[in-house]
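Bear in mind that the values here come from a model prediction, so they are computed numbers and not experimental data.
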Amino acid sequence: MPDGWMNLPQRRPENCPPGLEYLTTIDQLLIHQKVELLEAFTGFETKNKFTVKNSLGQKVFYAVEDSGCLTRCCCGPLRPFDMKILDNFKNEVIHLHRPLACQSCWFPCCLQKMEVFAPLGQLAGTVEQNWSILTPSFSVKNAAGDTILLIEGPFCTFRICGDVEFKVLALDGTTVVGKITKQWAGLLREAFTDADYFGITFPMDLDVKMKAVMLGACFLIDMMFFEKSANEETDCPGMF
């Protein structure tokens, strides 16, 4: 495949939405955020853009944030947004929607949520923040609202020269079946930009729609805990 894109599998499994064939043969994704020079030098918040790759470094998707200038400037990391996830033919294959909500434990009735649509117009699942005081906690749900996986993060999501790991757990709450990792991207990149590196691992046999939902979970975690406001670090321990 030209330009470093992953080859499209020859057969699309039954009940697999168009464009998600790429996810059927992988159990790991790497997400690299593009550095925006305007944002790096001025602190003016721009739309986020990401390249999604497989473990071999081949491009799988390209993700582009869709949000208004006013919401980016006024709401910062709390802003509502849509995100278009495109394949190598520039077809939108996954659509993410994050409503405006709070993430503090002081507001348990209005916590964070990411809705994932694949194919377009059809809900594949949601990622919903659970009320928690000390550590981040999320439920990964299918379109019927059934909880399929759990995600638990660390007490402190700020770390120098090291990765930050969010564990993906089975419903028993103890068995680790994957992880979402904020990878250390180097001192200059971390200090002067909010262009982050992430890795996602999940079971190979996980339903392809839930793999798409896990991708949505990564973007929600990035915005909640690692998106800077005017290039200033705002992270604090716990969920206060």
Side-chain angles (χ1 to χ4, degrees), residues 26-36 39-40 45 48-55 57 63 65 76-79 81 83 96 98 101-105 111-114 116 127-140 149-170 173-203 206 211 213-240:
I26 57 179
D27 59 359
Q28 182 180 15
L29 290 171
L30 305 174
I31 296 93
H32 294 172
Q33 185 173 352
K34 180 181 178 182
V35 175
E36 300 291 344
E39 184 173 334
E45 193 66 42
N48 291 330
K49 302 179 181 67
F50 303 84
T51 301
V52 181
K53 301 181 179 181
N54 62 16
S55 59
E65 178 187 348
L78 282 176
R79 64 184 179 266
F81 66 86
M83 185 169 290
L96 308 180
R98 181 206 193 188
C102 185
Q103 68 186 49
S104 170
C105 64
L111 295 176
Q112 291 292 313
K113 181 178 182 180
M114 180 71 84
V116 181
V127 183
E128 300 180 15
Q129 181 186 3
N130 300 320
W131 185 85
S132 175
I133 295 177
L134 298 180
T135 59
S137 176
F138 301 88
S139 294
V140 180
L149 297 169
L150 302 171
I151 299 175
E152 289 188 1
F155 174 67
C156 181
T157 56
F158 178 72
R159 191 166 299 170
I160 298 177
C161 299
D163 296 345
V164 181
E165 185 176 292
F166 288 71
K167 296 178 181 179
V168 180
L169 307 173
T174 58
T175 304
V176 178
V177 297
K179 60 184 178 180
I180 297 176
T181 306
K182 162 63 171 63
Q183 300 171 341
W184 175 254
L187 183 60
L188 292 178
R189 190 182 183 103
E190 295 283 349
F192 297 106
T193 76
D194 59 1
D196 298 317
Y197 288 168
F198 281 88
I200 311 174
T201 59
F202 37 66
L206 184 66
K211 291 182 180 181
V213 176
M214 288 295 299
L215 184 57
C218 180
F219 288 123
L220 179 60
I221 288 171
D222 176 35
M223 190 65 73
M224 288 178 62
F225 302 104
F226 304 105
E227 180 78 1
K228 298 178 182 178
S229 181
N231 283 338
E232 293 183 1
E233 191 66 55
T234 59
D235 183 56
C236 59
M239 297 301 299
F240 296 99

Taking every non-hydrogen atom, the tightest pair across [X] and [Y]:
X	Y	result
G199	L30	CA-CD2, 4.2 Å
F81	M83	CE1-CE, 3.9 Å
T135	P154	CG2-C, 4.1 Å
L169	V177	C-CG2, 4.1 Å
I31	C218	CD1-SG, 4.1 Å
Q33	Y197	N-CD2, 4.5 Å

Is a side-chain donor or acceptor of [X] paired with a backbone partner of [Y] at a separation under 3.5 angstrom?
X	Y	answer
T201	K179	yes
Q103	M224	yes
Q112	A101	yes
K211	I26	yes

How long is the straight-line distance from [atom2] of [Y] back to [atom1] of [X], given to the nearest 0.5 Å?
X	Y	atom1	atom2	result
I151	S137	CD1	OG	9.0 Å
D163	K182	CG	NZ	8.0 Å
Q129	K113	CD	NZ	13.0 Å
K167	T174	NZ	OG1	10.5 Å

Would you say [X] and [Y] make side-chain contact, with heavy atoms under 4.5 Å?
X	Y	answer
F138	I221	yes
M214	L206	yes
E227	R79	yes
L29	F198	no

Check: Could you walk me through whether V140 and V168 pass the side chain to side chain contact (heavy atoms under 4.5 Å, CB included) check?
Finding: CA-CA 9 Å; V140 180; V168 180; over 6 Å; no

Note to self: Could you go through V213 and V127, starting from their C-alpha distance and side-chain angles, then the distance that decides it, and tell me whether this counts as side chain to side chain contact (heavy atoms under 4.5 Å, CB included)?
What the structure shows: CA-CA 7 Å; V213 176; V127 183; 3.6 Å; yes

Check: Is the distance between the ring centroids of F50 and F219 less than 6.0 Å?
Finding: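 Aromatic pair counts; centres sit under 6.0 Å.
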
Check: Which class fits the ring pair F225 and F166: parallel under 30°, tilted 30 to 60°, perpendicular over 60°?
Finding: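 F225 and F166: tilted rings.
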
Notebook entry, point to check: Passes side chain to side chain contact (heavy atoms under 4.5 Å, CB included), L150 versus S139? Steps please.
Noted result: CA-CA 5 Å; L150 302 171; S139 294; 3.8 Å; yes

